[in-house]
Amino acid sequence: MPQITVTLPDGGAKSLPEGARVRDLAAAIGPRLAASSIAARVDDALVDLDEILHDGARVEIVTESAAEGLSILRHSAAHVMAEAVKDLFPTATFGIGPAIEDGFYYDFGVDRPFNPEDLEAIEARMREIVASAVPFKREEVDRLTAHDRFEGQPFKRELIADLHESETISLYTQGNFTDLCRGPHVPDTSRIRAFKLTKIAGAYWRGDSTRPMLQRIYGTAWYSDKDLAAYLTRIEEAEKRDHRKLGKELDLFSFHEIAGAGLPIYHPKGARILRLLQDWLRPELYRRGYVEAITPHIYKTDVWKISGHYDFYGENMYFFQIDEGDGRVNEYAVKPMNCPGHVMIFDNDVRSYRDLPMRIFEFGTVYRHEMSGVVHGLMRARGFTQDDAHIFCAPEQVHDEIVAMLDLVDYVMHTVFGFEYSAEISTRPIGHSIGADDMWELATKSLMDACAARGLAYEINEGDGAFYGPKIDIKLRDAIGRTWQCSTIQVDFNFPERFGLTYRTAENTEAQPFMLHRTILGSMERFLGILIEHYAGAFPSWLAPVQVVVIPIADRHLDYSNDVRAKLEERGVRVEVYSDNEPMRIKIAKAQQQKVPYMLVVGDREAEGGTVGVRDRSEGDLGSRTLDEVVELVGKDDPRR
RNA sequence: GCCGGCGUAGCUCAGUUGGCAGAGCAAUCGCCUUGUAAGCGAUAGGUCGGGGGUUCGAGUCCCCCCGCCGGCUCCA
């Protein structure tokens, strides 16, 4: 019998009879591999276990434990869910059903929206399909056949029509459900052991708000019940960290229906944290050659007409009319950005190349009328404060400025907060953008070179830049692995052009400066939200609104407690005394719940010895300490030390 | 903005087929005088998100609005 030879990832070769399939190869290598194999990567393409191997193929078996193995499972789970929906809702039409991070979804066109009971019924039907262990069968068809097979399925037909000429059209069938699909899939439905449907949502067909809204069902799927349980636990843990919940429990901020959606009101403890952040960042910026500005919250509308925001983003701005009393009515707008003020500072004088770079920062509060469906606690508010800055510089300075910003990003995100982060560079949007080609080229190259100079890897988001310039976005990773976009560094050709900014060069010619926008924390609100969730409310001592609480054991220790408080306050420690007439353990429970870093228990022993009994919120009882030792303890995580 | 769900005391939540609005915690007042994660007793606390409608009667059913939650779209 003729033989073929395939190469394996370790460089080894394996001979197999002609016509052998991937599953045969897996079996030939070993029974354990065969049992956990899901699909294979053949010459870089993912294929089913049924795929017939050709001579000389490079083959890598994809197992359950591989990343692709999980996404194949989830994709297959989506097909099974679609089959269940087809069984229960015969008139349903089908959109797309991909695997996503941690799960999958499928979009359906149905006569009425799904409700939670439907979800249970669909899940029950899925379990039957899984129990029956039906195989996934692949077939390849021509375009016309594919079109005919999806009678009454407008979305599928649209997808087929949009497939490129050169693409192979493949269909997968399990049971009575056939889907247009590239594959691969798990061998049969029994592999989908551990899954759960999680939520229902509306979703526009192809993500286009002008097209029909379909019903999307989300689910998650894993190879074992243990993994599924771990995932569900992870979700629960994330919910416990929800900054909206903790913000309420820790008395940091609130929202009020009468005030309006998306407008956070900071209580003293929340305000304290924000000010602590600013008071730490401000000297750091001075050290790095920034100057601080304070600019108005409102401007006459003319400013926004010049900047272009009136036309581009007017719908998201707050406008109001003021009767000046002399027959004139002026229109003003609340600022959605801090740039104009900084531009006016630059433009207030004749500027020389010697003035550059000019780095102006501001903790600037802005208001944007975000669409009602998107406001989300502190993460997406309508009023928020940016740690904003604008750098006016010569073209040849752009590179060094970006490098300096990336250094600042690293200091803040990594050195101070310990976040891992990654970078993305967004390039010129094709079609709608302003500025000369060479400017875009120089700016984009500066961003890339700066990343390279700092050894910062980046991904490219082709055409995702702003209309006025390219940008670097920094995404950080929090304690439980979620990513958040905070820092952004943008090059702007729009403002200098529209406001006619110039400076005199060394050759005494006139030139237009480059303008760089940048935020490090991004929105202070959002960053606070991220920190709350990252620390699960247990702020490090240097950011804790209350660093220590003094806990008198009995009323007779109140005087000494107040002594301790006064002495610590004098040394800059943020301290409260729990003077309520309650047993100590109740005060400790309250302080623990408030996630206060240190509790100082004072009773007869401490009052006599002039000491305190220190309890660390996570370590527990640390024993007796002097106040000097407490001050040292409280300050030891401060990044400025 | 779109789809779906939700809104009851400061907080977390019960409230049956439409028939007198409840609990725990917190608060207040007593008692206890406390040694490392939740004592005891009493009192007070409500336009049931707002408005309109159906009904003898609405927290409960219907409509509109506001807000919140999960997504979609958006995030200059």
Side-chain angles (χ1 to χ4, degrees), chain A residues 105 107 110 112-116 118-119 198-218 239 242 244-245 248-249 251 254-263 304 307-317 335-337 339 366 368-377 379-382 384 465-469 471 473 485 488 490 492 494-495 517 522-523 526 551-558 580-595 599-606 613-617 619-624:
Chain A
Y105 68 79
D107 288 344
V110 276
R112 61 161 178 88
F114 291 125
N115 59 45
D118 295 332
L119 220 58
T198 50
K199 53 201 171 195
I200 309 164
Y204 298 111
W205 168 235
R206 296 193 137 184
D208 184 340
S209 56
T210 65
R211 308 208 58 187
M213 180 159 277
L214 306 180
Q215 288 288 306
R216 175 172 297 178
I217 301 178
Y218 285 93
E239 278 167 11
D242 191 310
R244 293 165 298 193
K245 181 170 144 35
K248 202 179 275 181
E249 288 171 7
D251 196 19
S254 56
F255 292 91
H256 298 263
E257 194 172 330
I258 49 161
L263 300 171
W304 307 108
S307 73
H309 290 94
Y310 190 85
D311 293 329
F312 279 99
Y313 309 109
E315 280 186 8
N316 295 314
M317 292 172 61
K335 69 174 169 185
M337 308 186 84
C339 336
V366 298
R368 301 176 182 180
H369 190 262
E370 304 287 3
M371 284 196 296
S372 60
V374 308
V375 295
H376 178 92
M379 301 302 191
R380 193 81 181 273
R382 283 179 171 164
F384 57 96
F467 73 93
Y468 53 73
K471 60 176 180 174
D473 289 321
Q485 202 221 288
T488 178
Q490 310 184 346
D492 185 349
N494 180 50
F495 262 92
H517 303 243
S523 139
R526 187 177 154 80
I551 297 179
I553 286 176
D555 287 352
R556 65 177 178 280
H557 308 119
L558 271 173
D580 283 1
N581 179 12
E582 285 170 319
M584 180 190 84
R585 62 204 155 82
I586 288 181
K587 296 179 190 176
I588 285 176
K590 283 180 179 168
Q592 286 286 155
Q593 196 173 43
Q594 286 297 303
K595 301 176 192 291
M599 285 147 266
L600 309 183
V601 175
V602 302
D604 293 334
R605 289 203 297 271
E606 289 77 12
V614 177
R615 180 188 164 96
D616 180 293
R617 72 179 160 207
E619 307 288 313
D621 195 350
L622 300 184
S624 177

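Just so you know, these numbers come straight off a predicted model, no measurement behind them. We name chains A, B, ... by the order of the sequence lines, and we start the count at 1 in each one.
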(request) Can you tell me the distance, in whole Å, between the CD atom of A:E257 and the P atom of B:G51? (result) 12 Å

(request) Please determine, for B:G4, whether a Watson-Crick or G-U wobble partner exists with both distances under 3.5 Å, and give it or none. (result) B:C69

(request) Output yes when at least one side-chain N/O atom of A:R585 is less than 4.0 Å from OP1 or OP2 of B:G39, else no. (result) yes

(request) If B:G24 has a Watson-Crick or G-U wobble mate with both distances under 3.5 Å, name it; if not, just say none. (result) B:C11

(request) Look at the rings of A:F467 and A:F312 and say which category their plane angle falls in: under 30° parallel, 30 to 60° tilted, over 60° perpendicular. (result) parallel

(message) It should be established whether A:R244 places a side-chain nitrogen or oxygen under 4.0 Å from OP1 or OP2 of nucleotide B:C69.
(response) yes

(request) Under a 3.5 Å limit for both distances, which nucleotide forms a Watson-Crick or G-U wobble pair with B:G41, could you say? (result) B:C29

(request) Check if the side chain of A:R206 and the base of B:C72 share a donor-acceptor pair of N or O atoms closer than 3.5 Å. (result) no

(request) Could you tell me whether the phosphate oxygens of B:G70, OP1 or OP2, come under 4.0 Å of any side-chain nitrogen or oxygen in A:H376? (result) yes

(message) Assess whether a salt bridge exists between A:K245 and A:E239, defined as any Lys/Arg side-chain N lying under 4.0 Å from an Asp/Glu carboxylate O.
(response) no

(message) Without decimals, in angstroms, what is the distance between A:I553 CD1 and B:G39 C1'?
(response) 16 Å

(message) Please determine whether any donor N or O and acceptor N or O are separated by less than 3.5 Å between the side chain of A:E606 and the base of B:G35.
(response) yes

